[in-house]
Each structure stands twice: as structure tokens, then as C-alpha cells.
Amino acid sequence: MKYNKLITALILGNILLGVKTTSAQWTGPRKKVENKIDVKYGPLTPGHRTDEAMERFRNYGLGQFIHWGLYAIPGNEWEGVSARKGAAASEWIRTWSGPTAPKDWKNTYDNLYKQFNPTGFDAKNWAKQAKEMGAKYLIFTTKHHDGFALWPSKYTDYTIKKSPYKRDIVKQVVDAYTAEGIDVFLYFSILEWNNSNYMGKAPVTPEEKAKFNKFLEYTRNQLLELLQNYPQIKGFWFDGTWDQSWIQAYDFTYKLEQELRKKHPGLIIGSRFRNDEFGKRHFDSNGEMLGDYEQGWERKMPKEFEWLEGRDWDCVMTIPPNGWGYMKDWSGIYTKTSEDLIDMLMNCVSMNGNFVLNFGPDGNGRMHPGEDKLAKEIGDWIKINGEAVYGARHAGLAPSKLGYFTKKADNLYLTVFNRPVNNIVRIAVPKNAAEVPVEAVLLQDGQSLDLKRSDIGLDLDKNTYYDVVLPGTFRADKAFVVKMKLGKPKSQSDKLMDAKM
């Protein structure tokens with residue numbers, strides 16, 4: 001993951017120098033491409049795949065991300081200095097430099113593999129917890145930017161097999177989660193800080209090109225190795241693809257994506273893997289998505305459904321403000337509550353997205369106690385309200401200030417976060433709607449609720465309203481779901497003559 005301070009500094013520096021920046025992520029609607037051009041290295045798959053694998057992806061709702069590697073040993077600090085006192089963020093801590101950095105820090109970090117012996121790691125316990133939380137898919141870090149592989153790769157010595165632990169962690173995770181019915185996607189960083197053949201800038205000289213070509217072939221070999229070792233996986237989640245060296249290798253990356261898809265039919269790849277020949281990432285120069293789903297919503301989500309233009313997407317989210325890898329100390333910072341996270345989950349699902357919550361285990365292989373607590377609280381909520389999450393879609397109604405709408409078949413769900421003081425849950429429905437609420441119950445216990453049509457009579461109002469009445473005795477300490485059966489309207493809105501003003 002990109003470290004905020006680094007990116008901010010780069011952006012500010014480029015602004016001062018008058019350099020145009022191309023961000024890997026965004027916060028608004030995409031601009032339409034007016035003038036189409038010939039693009040040779042555009043998308044390899046259709047914009048809206050309809051195969052079984054992508055249908056499963058659309059139905060996930062909730063996923064789990066796990067960032068784990070050597071950076072779990074420092075735990076976001078070293079010798080008492082944390083990211084809040086000058087260190088880099090947890091999974092970026094190898095980049096730590098300046099007056100606060102320990103002497104010979106990069107060499108110290110690169111030798112942490114000699115200490116990596118997570119005797120508390122139990123993939124089956126992780127998978128059981130994820131299932132209890134309600135996760136339908138996992139994104140797991142096979143290697144992060146430091147290049148340390150959590151599987152015994154044949155193509156490098158910087159792997160788990162050289163650690164005291166020795167055993168294949170990726171295999172244990174893939175097998176355990178698959179056994180629990182949770183689909184697995186593998187995170188893979190292209191960027192490798194300690195690989196002598198990697199370079200950030202585009203290679204220019206024959207020597208540089210030969211060197212980087214070795215790196216490209218190494219990357220290809222590792223990805224094919226992962227597909228061969230773990231054929232159960234459903235897709236790749238790529239990171240570290242922003243450097244010019246990778247961007248200029250567009251012919252190689254195009255052919256590599258073709259090879260991966262041929263090797264593993266149905267493979268799902270997000271939009272940040274590669275770019276076209278003009279350097280456009282995520283979307284090519286004609287605005288077509290480069291991958292199977294939109295992958296730019298990292299610690300953010302669209303403000304409006306229309307921004308997505310029908311594309312599949314997911315949102316990956318941390319619990320601390322920007323903590324992906326393990327953080328020993330959560331004190332003094334805001335950590336998201338289960339209420340925050342359930343709100344984000346339903347916001348995503350209401351816009352046809354998946355919400356993926358990140359966990360950062362410690363160097364011994366155990367989750368942070370705060371993560372354990374949140375997993376249980378989310379799981380308790382999902383057990384009651386999962387019907388409004390899994391397989392649910394955008395409802396096509398105007399957003400409600402009470403909460404989020406989702407829809408499945410002829411059922412409409414409103415997950416209520418802001419309970420009205422008068423206990424009337426008012427639903428706005430277009431006057432020309434073919435389906436309207438005809439019955440309502442509380443999802444948590446099936447209790448029938450009074451439902452009536454309320455024609456408010458606002459001038460030029462295109463909606464009519466359906467009021468669901470909550471019992472005065474009903475109590476809830478978290479968001480709750482009102483489930484409504486949809487049917488044909490029993491009557492049309494009254495047509496009254498307007499008074500002339």
C-alpha cells in the first residue's frame with residue numbers, strides 16, 4: 001500500500017515543479033473520453049463478465065484482507081520509535097530513513113527473516129474466524145514490497161523456506177480458507193525493494209534493459225508458480241505497479257495477463273495490474289477498464305452510485321487510519337468501530353461493491369485483540385442481517401438519510417443506521433414504479449410491521465411514500481434491517497388540481 005506521507009510529498013513536489021501526476025486512486029466520477037484513439041494494449045476481458053466466477057465475486061459482499069510478512073516483527077516501530085515519531089508505516093517500514101531511522105536500518109530489516117518463526121500461526125483458526133465474521137473471500141499477501149515470499153518460491157532465496165519457520169504459509173492459508181468455503185485471492189506486489197534487478201525508473205541503457213528483463217522474467221515465473229502451486233485460487237490482487245519501469249513494459253504485461261488467463265480460465269484480476277502503451281493505468285486511453293473490476297477504492301468509496309457506471313468494484317479498508325501491517329500500539333489513534341465498519345459495508349453493497357476489511361497479524365501469527373473483537377461483533381451482526389448483504393444489489397431508489405437500500409429478487413431491504421424519532425421509516429418510491437413495498441417485517445425476528453402509503457402532496461414531487469411503523473417497544477443497539485416485500489401498487493397517487501398562484 002502507498003504510504004500517505006511519501007505520496008503527499010511526491011504530489012506536492014510535482015505540483016511545485018509543474019509536473020503532471022497520475023494517481024492510482026481517485027475520489028470522483030471519471031471524465032468521459034471524447035476522442036477515441038487506437039489502443040493496441042487495451043482490455044483483454046469484457047467490461048461486465050457474466051461467467052460463474054464473476055457472479056460469485058458480485059455476491060461476496062464482505063471480504064477479508066490479510067497483510068502479513070516480515071514487517072509484522074517491528075509492528076510499526078523499532079527501538080521505541082513508531083510511525084507517529086518518524087518511522088514509516090508498518091508495511092513500508094523498510095523505507096525508513098532520516099535522523100530517526102536506526103543505523104544500517106535496511107540491512108537490519110532485510111535480515112529479519114532469520115527471526116521469522118510464527119509459532120502461534122494457525123491458518124485453520126484464521127479461516128474459522130473469517131467464516132464466523134461472515135467473509136466470503138480473502139485477499140492474502142504472498143509477498144509485499146520488501147520481496148519476502150511467504151511460499152517456498154524456486155526463483156529466489158528470500159522466502160519462508162530460509163526462515164526458522166520454513167513451512168509454506170500460502171499453502172496453509174489457501175487450504176484452510178478453501179476448506180471453510182471462503183474463496184482466496186492472492187495479493188502480489190510487483191515492486192521489490194531488495195531485488196537487485198528491480199528499478200523504479202524506466203530502463204534506458206542496454207545494461208539496464210537486460211537487468212530489468214531478468215526481473216520481468218522472474219516476476220512471470222513467480223506468478224505462474226503461484227497458479228501451479230495453488231490452483232484453487234480465484235484471482236490476483238496486484239500492487240506496486242506504479243513505477244515507470246513497469247509502466248513502460250506494457251507489451252510484456254499485456255502478454256503476461258494473456259498467459260495467466262490462459263493458464264487459469266476464469267481468473268479475476270483487478271484494474272491496477274497494468275497500463276496501455278500511453279501509460280494509462282486502471283483505464284486505457286479510451287476510458288475502458290483494464291481488468292475485471294475497479295480497484296481504485298482504497299480506504300475510500302464512491303459518493304454516488306452513478307460514478308461507477310455499472311462497473312464491478314471493491315473497497316479495501318483498514319481499521320486504524322492507515323495501518324495495513326501489524327501495529328503494536330493502537331492507543332492515541334482512532335480505530336474504526338464495528339458500527340463504522342458495518343456502515344461502510346452496507347454503503348458498498350448498496351452500490352454493488354464488496355467491502356474488504358484488513359487484518360494485520362503479529363509476528364507470531366496472531367491477530368490483534370482489537371481485530372478479534374471487531375470480527376466477533378461484525379459476525380454477530382451478519383448472522384442476523386446477512387440476507388441484506390449477500391447477493392444483494394443496488395435498489396435503484398434515491399439514497400435515504402435513514403440508511404442504505406439493498407435489493408434481492410422481490411425483496412427490498414433498508415439497513416437503518418439513523419432511527420427516526422417518530423418511529424416512522426419513510427420510503428420514497430417513484431410514482432410510476434411497477435413495484436412498491438406491500439409488506440414489511442423486522443429482519444432480525446420476522447415481526448410484522450404496519451405499512452401504509454402516504455401521499456404527501458408536494459408540488460412537482462415525482463415520488464410517493466410508504467411509511468413503515470416501528471413498534472415503540474423495539475430496541476436496537478446497532479443498525480437493524482427492515483425487510484419489505486415488493487409487489488404491484490394497490491392504487492395510484494391521487495391527481496388533484498393545483499391552486500393557481
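Taking the six-membered ring where tryptophan is involved, the planes of Phe305 and His394 are essentially parallel, since the angle between them stays under 30° and well short of 60°.
Atom OH of residue Tyr187 and atom OG1 of residue Thr141 lie 7.5 Å apart, to the nearest 0.5 angstrom. Atom CZ of Phe236 sits about 13.0 Å away from atom CG of Asp292, to the nearest 0.5 Å. Distance OH/Tyr230 to NZ/Lys171: 8.0 Å, rounded to 0.5 Å. Here CZ of Arg299 is found 10.5 Å from CG of Asn358. Values are rounded to the nearest 0.5 Å. To the nearest 0.5 Å, atoms CG (Asp239) and CH2 (Trp237) are separated by 5.0 Å. Here the CG-OH distance, from Leu223 to Tyr218, works out to 10.0 Å after rounding to the nearest 0.5 Å.
Ring pair Phe140/Trp68: centre-to-centre distance not below 6.0 Å. When ring centroids are compared, Trp96 and Trp78 stay outside the 6.0 Å threshold. Between Phe57 and Tyr293, the gap from one ring centroid to the other is short of 6.0 Å. Proximity of the aromatic rings of Trp242 and His282 is defined here by a centroid distance below 6.0 angstrom, and this criterion is not met. Checked against a 6.0 Å centroid threshold, the rings of Phe116 and Tyr165 do not count as neighbours. Note: Tyr137 and Phe185 meet the aromatic proximity criterion, with ring centroids under 6.0 Å apart.
Taking Lys128 as the reference, nothing meets the salt bridge (charged side-chain N to carboxylate O under 4.0 Å, His left out) condition, with sequence neighbours excluded. Applying the ring pair (Phe, Tyr, Trp, His ring centres under 6.0 Å) test to Phe273 and every residue at least two apart in sequence or in another chain returns Phe238, Trp246. Residues satisfying the ring pair (Phe, Tyr, Trp, His ring centres under 6.0 Å) test with Tyr390, not counting sequence neighbours, are none.
A cation-pi contact, defined as under 6.0 Å to the ring centre and within 45° of the axis, links Arg30 to Phe283. Judged by a 6.0 Å distance limit and a 45° cone about the ring axis, Lys143 is positioned over the six-membered ring of Phe188.
Results of the side-chain contact (heavy atoms from CB on, under 4.5 Å) test with Arg220 over Tyr155, Phe252, Phe215 single out Phe252 as the only residue that passes. None of Tyr158, Trp193, Tyr71, Tyr109 except one satisfies the side chain to side chain donor-acceptor pair (under 3.5 Å) rule with Asp146; the exception is Tyr109.
Classification of Asp251 and Lys40 as a salt-bridged pair fails, no side-chain N sitting under 4.0 Å from a carboxylate O. Using a cut-off of 4.0 Å between Lys/Arg side-chain N and Asp/Glu carboxylate O, Asp243 and Lys201 are scored as not salt-bridged. A salt bridge does not link Lys124 to Glu180: none of the charged nitrogens lies less than 4.0 Å from a carboxylate oxygen. Taking a cutoff of 4.0 Å between a charged side-chain nitrogen and a carboxylate oxygen, Lys376 and Asp372 do not qualify as a salt bridge. In this structure, Arg58 pairs ionically with Glu55, as a charged nitrogen and a carboxylate oxygen lie closer than 4.0 Å. Salt-bridge annotation for Glu52 and Arg56: absent, with no side-chain N of the basic residue lying under 4.0 Å from a carboxylate O of the acidic one.
In Glu306, the CD atom is crowded: over 12 heavy atoms of neighbouring residues, nucleotides or ligands sit closer than 6.0 Å. The number of heavy atoms from other shown groups lying within 6.0 Å of CG (Asn107) is above 12. Atom NZ of Lys85 is surrounded by 12 or fewer heavy atoms from other residues, nucleotides or ligands within 6.0 Å.
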- Task: Please test Arg274 against Glu257 for salt bridge (charged side-chain N to carboxylate O under 4.0 Å, His left out), starting from the C-alpha separation and ending with a verdict.
- Result: CA-CA 9 Å; Arg274 63 178 182 87; Glu257 183 181 335; 2.5 Å; yes
- Query: Run the side chain to side chain contact (heavy atoms under 4.5 Å, CB included) check on Met367 and Trp126 step by step: do they pass?
  - Reply: CA-CA 8 Å; Met367 299 298 178; Trp126 284 11; 3.7 Å; yes
- Task: Report the C-alpha distance between Val174 and Ile233 in whole Å, list the side-chain angles of each, state the deciding distance to 0.1 Å, and finish with yes or no for side chain to side chain contact (heavy atoms under 4.5 Å, CB included).
- Result: CA-CA 7 Å; Val174 171; Ile233 68 167; 4.3 Å; yes
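Side-chain contact between Arg261 and Thr45: present, with at least one pair of heavy atoms (C-beta onward) separated by less than 4.5 Å. Residues Asn286 and Ile37 are in side-chain contact: their nearest non-hydrogen atoms beyond the backbone lie under 4.5 Å apart.
In this structure, a donor-acceptor pair under 3.5 Å is absent between the side chains of Trp313 and Gln295.
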